[in-house]
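Proteins come first, then strands; the chains are lettered A, B, ... in the order of their sequence lines, and each starts at number 1.
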Number of protein chains: 2
Amino acid sequence: MLVERSTKTKESLKMPADTRDKILQAAFTRLSSQGYENTSIKEIAEEAGVAQGLVHYYFKSKQQLVLAVLMDVCAKLEIYGPELGEAGALAAFENFKSVLRTRRDAHNLYVELIGVGLHDREVGTGIRDDIRRHRGEVEDIARQVLAQREVDPGPARAIASVVWGAILGIIVQSLVDEDFNSDEAVDALAAMALSAVYPGTQSA
Amino acid sequence: MLVERSTKTKESLKMPADTRDKILQAAFTRLSSQGYENTSIKEIAEEAGVAQGLVHYYFKSKQQLVLAVLMDVCAKLEIYGPELGEAGALAAFENFKSVLRTRRDAHNLYVELIGVGLHDREVGTGIRDDIRRHRGEVEDIARQVLAQREVDPGPARAIASVVWGAILGIIVQSLVDEDFNSDEAVDALAAMALSAVYPGTQSA
DNA sequence: AGCCTGTGATTGAATGACCAATCAATGTTG
DNA sequence: CAACATTGATTGGTCATTCAATCACAGGCT
């Protein structure tokens, strides 16, 4: 059933995957510019150029559609490069600075969905898992840096919580405030993350 | 007109200020537990025990009501104590740890409204100004600490962006993820904020 | 004191609009 | 001719906002 489609690559046959993608793309466009509650299934269908009912044919509910959009977007939002350790961290911070400018739409959607997820269990668990994944990626980098310095890797998780949190906070500020200087903030975050002295296994 | 009311403390007479407060309180209760879009004016009126029309008598629109709730809540959310400098910073971080536990409802509302504000100009400017104010308070503390150490106060603004951002990020993580260890995160943030070496300064 | 009256407070029904989800019908294709 | 893809009208509901009508009271007037 599902596998057939990947075996055939002819363009003459119906390609529901294309339709699904069209809907996903249209949903992202509308959702990121208008917000979750201001975007109706009807609008998304219009943007995609399909009938309203077709959206519910591919996605059982609005929440499911939105989660699919989120997954789709996040898959394309990799900010971590190949370098390891401190160099990798610095590269990631540099990359983040440019992503802040180029992916406002995705960040808009992300931040809004966090708000939606607070009161919608379906969206909420999706967001939670996504946050955990991102924080985990930051934690990996933190662990590398600590290992490189041959110090206790214990605080890696806490550091990741703070760094990922600060990243989100900087995203929010740059979305909300036109005058926010995000480069300056990211540089300060990099300095704080890489030069701080953390309490070892014995807490302060 | 307005002064008369404060001169008389009899309970027999009409006290519109009380009614307004009742509506504000009811709105906070519902909004923080159900979210902006899942809360209708009708529900808020019921929670407050007044007629639906009365809500629009005191607040011209749902957005205005929500902003009034936000202002009301923020006015009661002071986490900065009287101490100055590094001691003040540490006290604020400690206080933040307990506020994280006790004011989940207010934080729920705050985070949701950030999302709403992204696509609603009226709410958006309210949120932006609020964020600026809070970041400004953090900046004041940062400036005190830098002054106390007799180093360049230049990075104070950038530090405040990061610290306030991290605070928001930690709030979000603690709201979204049951298993999030917020104390650990706040301690790490305090360590990063107070022990980091910033560009343009020599270490302490 | 007792009546009068205007103004602000309060009510609840009515308005006009919108929406997610369903479904029976139609199109398409292997 | 089945099975999948697509349509768009329908359903059953919700919502913010408006409005005409009622209520409570304060302060002037007799």
Side-chain angles (χ1 to χ4, degrees), chain A residues 1-24 26-27 30-31 34-69 116 119-123, chain B residues 1-24 26-27 30-31 34-69 116 119-123:
Chain A
M1 284 198 188
L2 289 169
V3 194
E4 297 181 303
R5 284 205 277 276
S6 52
T7 62
K8 307 201 176 187
T9 40
K10 291 288 184 192
E11 287 164 24
S12 57
L13 62 87
K14 282 286 188 63
M15 297 204 61
D18 273 6
T19 307
R20 216 189 98 106
D21 265 12
K22 253 196 325 192
I23 294 173
L24 273 179
R30 293 298 208 140
L31 285 169
Q34 306 176 185
Y36 179 78
E37 306 287 346
N38 303 321
T39 304
S40 65
I41 300 283
K42 191 181 165 190
E43 277 176 321
I44 293 172
E46 278 166 6
E47 176 89 28
V50 300
Q52 200 178 150
L54 200 57
V55 178
H56 279 91
Y57 178 76
Y58 284 104
F59 305 93
K60 104 171 200 297
S61 69
K62 192 181 177 183
Q63 286 104 327
Q64 295 287 346
L65 169 58
V66 166
L67 281 177
V69 172
V116 173
H119 302 103
D120 181 312
R121 195 148 254 154
E122 218 165 341
V123 176
Chain B
M1 284 204 198
L2 288 167
V3 195
E4 300 179 299
R5 285 206 274 275
S6 52
T7 62
K8 307 203 175 186
T9 40
K10 291 287 185 193
E11 287 164 23
S12 57
L13 62 85
K14 285 284 190 65
M15 299 205 59
D18 274 7
T19 306
R20 215 187 101 105
D21 265 12
K22 253 196 324 190
I23 294 173
L24 272 179
R30 295 297 209 141
L31 285 169
Q34 305 175 186
Y36 179 78
E37 305 287 346
N38 302 320
T39 304
S40 65
I41 300 284
K42 191 180 164 190
E43 278 176 321
I44 292 172
E46 278 167 6
E47 177 88 29
V50 300
Q52 200 179 150
L54 199 57
V55 177
H56 278 91
Y57 178 75
Y58 284 104
F59 306 93
K60 104 172 199 295
S61 69
K62 193 182 177 182
Q63 286 103 327
Q64 295 286 348
L65 168 58
V66 166
L67 281 177
V69 171
V116 172
H119 305 287
D120 181 310
R121 196 147 253 154
E122 217 164 342
V123 175

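Of all nucleotides listed (D:dA16, C:dA20, D:dT6), D:dA16 comes nearest to the side chain of B:Lys62. Residue A:Ala51 places its side chain closer to D:dT7 than to any other of C:dT11, D:dT17, D:dT7.
Rounded to an integer number of Å, the gap from NZ of B:Lys42 to P of D:dT14 is 8 Å. Rounded to a whole Å, the CG atom of A:Asp120 is 13 Å from the C1' atom of C:dA20. Straight-line distance from the OH atom of A:Tyr58 to the C1' atom of D:dT6: 8 Å, rounded to whole Å. Rounded to whole Å, the distance from CD on A:Glu46 to P on C:dC18 is 12 Å. When the P atom of C:dA9 is taken as reference, atom NZ of B:Lys22 falls 14 Å away, rounded to whole Å. Protein atom NE2 of B:His56 is 13 Å distant from nucleotide atom P of D:dC15, rounded to whole Å. Remark: C1' of C:dA13 and OH of B:Tyr57 are 19 Å apart, rounded to the nearest angstrom. For B:Leu54 and D:dT17, the CG to P distance is 15 Å, given to the nearest whole Å.
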- Full working for side-chain contact (heavy atoms from CB on, under 4.5 Å) between A:Leu31 and A:Leu65: CA-CA 11 Å; A:Leu31 285 169; A:Leu65 169 58; 5.6 Å; no
- From CA spacing to verdict: side-chain contact (heavy atoms from CB on, under 4.5 Å), B:Leu67, B:Phe59: CA-CA 10 Å; B:Leu67 281 177; B:Phe59 306 93; over 6 Å; no
- Message: Pair B:Tyr36, B:Gln63 - check side-chain contact (heavy atoms from CB on, under 4.5 Å), show working.
- Response: CA-CA 10 Å; B:Tyr36 179 78; B:Gln63 286 103 327; 3.7 Å; yes
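Proximity of B:Thr19 to the phosphate of C:dT10: a side-chain N or O atom is located under 4.0 Å from OP1 or OP2. Applying the 4.0 Å criterion to OP1 and OP2 of C:dA20, one finds that A:Ser61 has every side-chain N and O outside that range.
Judged by distance alone, the side chain of A:Glu43 and the main-chain N or O of A:Ser40 form a donor-acceptor pair under 3.5 Å. Judged by distance alone, the side chain of A:Asp120 and the main-chain N or O of A:Val116 form no donor-acceptor pair under 3.5 Å.
When heavy atoms are screened at a 4.0 angstrom cut-off, A:Ile41 is found touching the sugar-phosphate backbone but no base atom.
Not a single donor-acceptor pair, N or O on each side, falls under 3.5 Å between the base of D:dA9 and the side chain of A:Gln52.
Both A:Ser40 and B:Gly49 lie near DNA chain C, and the one whose nearest nucleotide falls closer to the 5' end is B:Gly49.
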